[in-house]
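Per chain, numbering begins at 1; letters A, B, ... match sequence-line order. Values reported hereafter were calculated over all heavy atoms of this structure, with side chains retained and with hydrogens, waters and symmetry mates removed.
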Number of protein chains: 2
Amino acid sequence: MSTAEETGGDAQPWGEVTPDAARRLLVAAVEAFAERGYHATTTRDIAGRAGMSPAALYIHYKTKEELLHRISRIGHEKALDILRTAARGEGGAADRLADAVSSFVRWHAGGRTTARVVQYELDSLGPDARAEILALRRQVDAVVRAIIEEGVAAGEFDVLDVHGTTLAVLSLCIDVARWFNVDGPYTPEEVGALYADLVLRMVGAKPEGAGRR
Amino acid sequence: MSTAEETGGDAQPWGEVTPDAARRLLVAAVEAFAERGYHATTTRDIAGRAGMSPAALYIHYKTKEELLHRISRIGHEKALDILRTAARGEGGAADRLADAVSSFVRWHAGGRTTARVVQYELDSLGPDARAEILALRRQVDAVVRAIIEEGVAAGEFDVLDVHGTTLAVLSLCIDVARWFNVDGPYTPEEVGALYADLVLRMVGAKPEGAGRR
DNA sequence: CGCTCCGCTAAGCGCCCGCTCAGCTTCGGC
DNA sequence: GCCGAAGCTGAGCGGGCGCTTAGCGGAGCG
């Protein structure tokens, strides 16, 4: 488990965005969208943060919305990757659920700037882009639900409503991006550990665990 | 417990907004802000939904921001009222916490249009208005924390981190406004009951309760 | 009946938005 | 050393924004 600022494994967060200028613009857009919201951010502001003229933006991106779309897709893919890695881990369902929640939460808290845009600016996208992102979100939901279902089947968990509990677990994690660091005395790691414990309680996991922590 | 669409007790939701035209404008603004967000909503749209010309808005409100401020303050006061009513109730801490969560969640789910604006457009407000609203939110936090502290003191709850758990409980409830009804098979009452159960698990409440539900 | 006031509208002001385009610089290929 | 492509800029376009202002119609009142 790394202690990098942006949890998830990459050396640098947006390394996959390839012309350097395009990456600088995208990073600038993430910051601006996170601070003021998509609609309150101007293309002049984004270009200015990247040290470029307003027109430069349109060499690398067709519209302002394409920037949001790219940010959202990359962010969701990373989030999905984090959850899948935890889900594939060793140990019982309780261990894997705790890992998934703590790493997912660490990503939302540590990369709050990114997570905020990814999770809260979704319906500033047009219908096609939104549909694509919603498909990724359904996969996120499926990964978490699968762990919970396995735990129930193995007798590790005591859950009345698997669908509703999955919804609540994800909701809890995602909302970290809204409140974290506003006046917070917690580190991302602390919130991750706290939330892993709370989620294990929510699913009625037997407290003994399998020798972890 | 009423089954009114807008849970909370009022016969009509925005009855306290007094000139009729001002109320119609405010209701129109709530709908528009909830659908598109504050910054993407135009004063022409708000006035249009209220069946008036754009200029009419400025007879009743000084700016577009004042509309958001009024909506946010009234909404937060209602939310606080709901929580305080539950906190003042009879029974042990577990009963009161379950009541608080289920009624708070019912408000967020049933009045999702309002709740969305109240909970997610907060930082479109200017510094003064935001500070006023944040004071209300601190009171919301205090009400929930008090119930949890009482439960811990009475030996009803098993909580490691009262502050963090309070944060998580509120976060869970508030985020209902984001996801509810998107494609939801749940009624507000069902989500309220589900969440009350989950929260009791989070605080480690003894399962027997005091004879309710 | 005439006057005043109030709620509202039609028109529009000044501004800044997303986005475009002609032209400048830079640089690799030959 | 010349050429074309690529990356970027300065200037600016059409349009829609928040908000203002002059004036209209009708209700209340003497």
**Student:** Got a second to check how far Thr187(A)'s OG1 is from Arg106(A)'s CZ, nearest 0.5 Å?
**Tutor:**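 Spacing of OG1 (Thr187(A)) from CZ (Arg106(A)) equals 10.0 Å.
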**Student:** From dC19(D), dC19(C), dC8(D), pick the nucleotide closest to the side chain of Thr43(B)?
**Tutor:** dC19(D)
**Student:** Which whole-number value in Å describes the distance from Lys62(B) NZ to dT20(D) C1'?
**Tutor:** 15 Å
**Student:** Return the value, rounded to whole Å, for the distance between atom CG of Leu57(B) and atom C1' of dT21(D).
**Tutor:** 16 Å
**Student:** Do Gln139(B) and His76(B) get their side chains close enough for a donor-acceptor pair, meaning under 3.5 Å?
**Tutor:**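 No - no donor-acceptor pair under 3.5 Å links their side chains.
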**Student:** Picking from dA11(C), dC8(C), dG18(D), which would you name as closest to the side chain of Met52(B)?
**Tutor:** dC8(C)
**Student:** Can you find a donor-acceptor pair, distance only, under 3.5 Å between Arg44(A) side chain and dG18(C) base?
**Tutor:** yes
**Student:** Consider the side chain of Ala55(B), meaning its heavy atoms from C-beta on, and name the nucleotide among dA10(C), dC17(C), dC8(D) that approaches it most closely.
**Tutor:**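 So the side chain of Ala55(B) is nearest to dA10(C).
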**Student:** Taking all atoms of both residues into account, what is the closest heavy-atom pair of Phe157(B) and Ile147(B), and its distance?
**Tutor:**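 Of all heavy-atom pairs spanning Phe157(B) and Ile147(B), the closest is CE1-O, 4.0 Å.
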**Student:** Below 30° counts as parallel, above 60° as perpendicular, anything between as tilted: where do the rings of Tyr195(B) and Trp179(B) land?
**Tutor:**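 Ring orientation, 0 to 90° scale: tilted.
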**Student:** dG18(D) P sits how many Å from Tyr38(B) OH, rounded?
**Tutor:**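 So the OH-P distance, Tyr38(B) to dG18(D), works out to 8 Å.
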**Student:** Dot-bracket for DNA chain D, please. Rules: Watson-Crick or G-U, both distances under 3.5 Å, ( ) within the strand, [ ] when a pair crosses earlier ones, | for another strand, . otherwise.
**Tutor:** ||||||||||||||||||||||||||||||
**Student:** For Lys64(B) and dG16(D), what is the distance between atoms NZ and P respectively, to the nearest whole Å?
**Tutor:**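 Answer to the nearest Å: 16 Å.
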**Student:** What are the two closest non-hydrogen atoms of Met202(B) and Leu172(B), and how far apart are they?
**Tutor:**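 Taking every non-hydrogen atom into account, SD-CD2, 4.1 Å.
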**Student:** Any idea which heavy atoms bring Tyr61(B) and Ala22(B) closest together, and the distance?
**Tutor:**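 Looking at all heavy atoms of both residues, the shortest contact is OH-O, 2.9 Å.
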**Student:** Take atom CG of Asp45(B) and atom C1' of dG18(D), then tell me their distance rounded to the nearest Å.
**Tutor:**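 In whole Å, dG18(D) C1' lies 14 Å from Asp45(B) CG.
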**Student:** So, is Tyr58(B) close to the dC19(D) phosphate, meaning a side-chain N or O under 4.0 Å from OP1 or OP2?
**Tutor:**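 For dC19(D), OP1 or OP2 has a side-chain N or O of Tyr58(B) closer than 4.0 Å.
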**Student:** Can you name the closest pair of heavy atoms from Cys173(A) and Val105(A) and give their distance?
**Tutor:**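 That would be SG-CG2, 3.7 Å.
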**Student:** Please state how far atom CD1 in Ile46(A) lies from atom P in dG18(C), giving the value in whole angstrom units.
**Tutor:** 8 Å
**Student:** Tell me whether the side-chain N/O atoms of Ser53(B) come closer than 4.0 Å to OP1 or OP2 in dC8(C).
**Tutor:**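 For dC8(C), OP1/OP2 do not have a side-chain N/O of Ser53(B) under 4.0 Å.
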**Student:** Which nucleotide in the set dC19(C), dG18(D), dC8(D) lies at the smallest distance from any side-chain heavy atom of His60(A)?
**Tutor:** dC8(D)
**Student:** Can you tell me the distance, in whole Å, between the CD1 atom of Ile59(A) and the C1' atom of dC19(C)?
**Tutor:** 13 Å
**Student:** Over how many whole Å does the gap from Asp20(A) atom CG to dC8(D) atom P extend?
**Tutor:** 9 Å
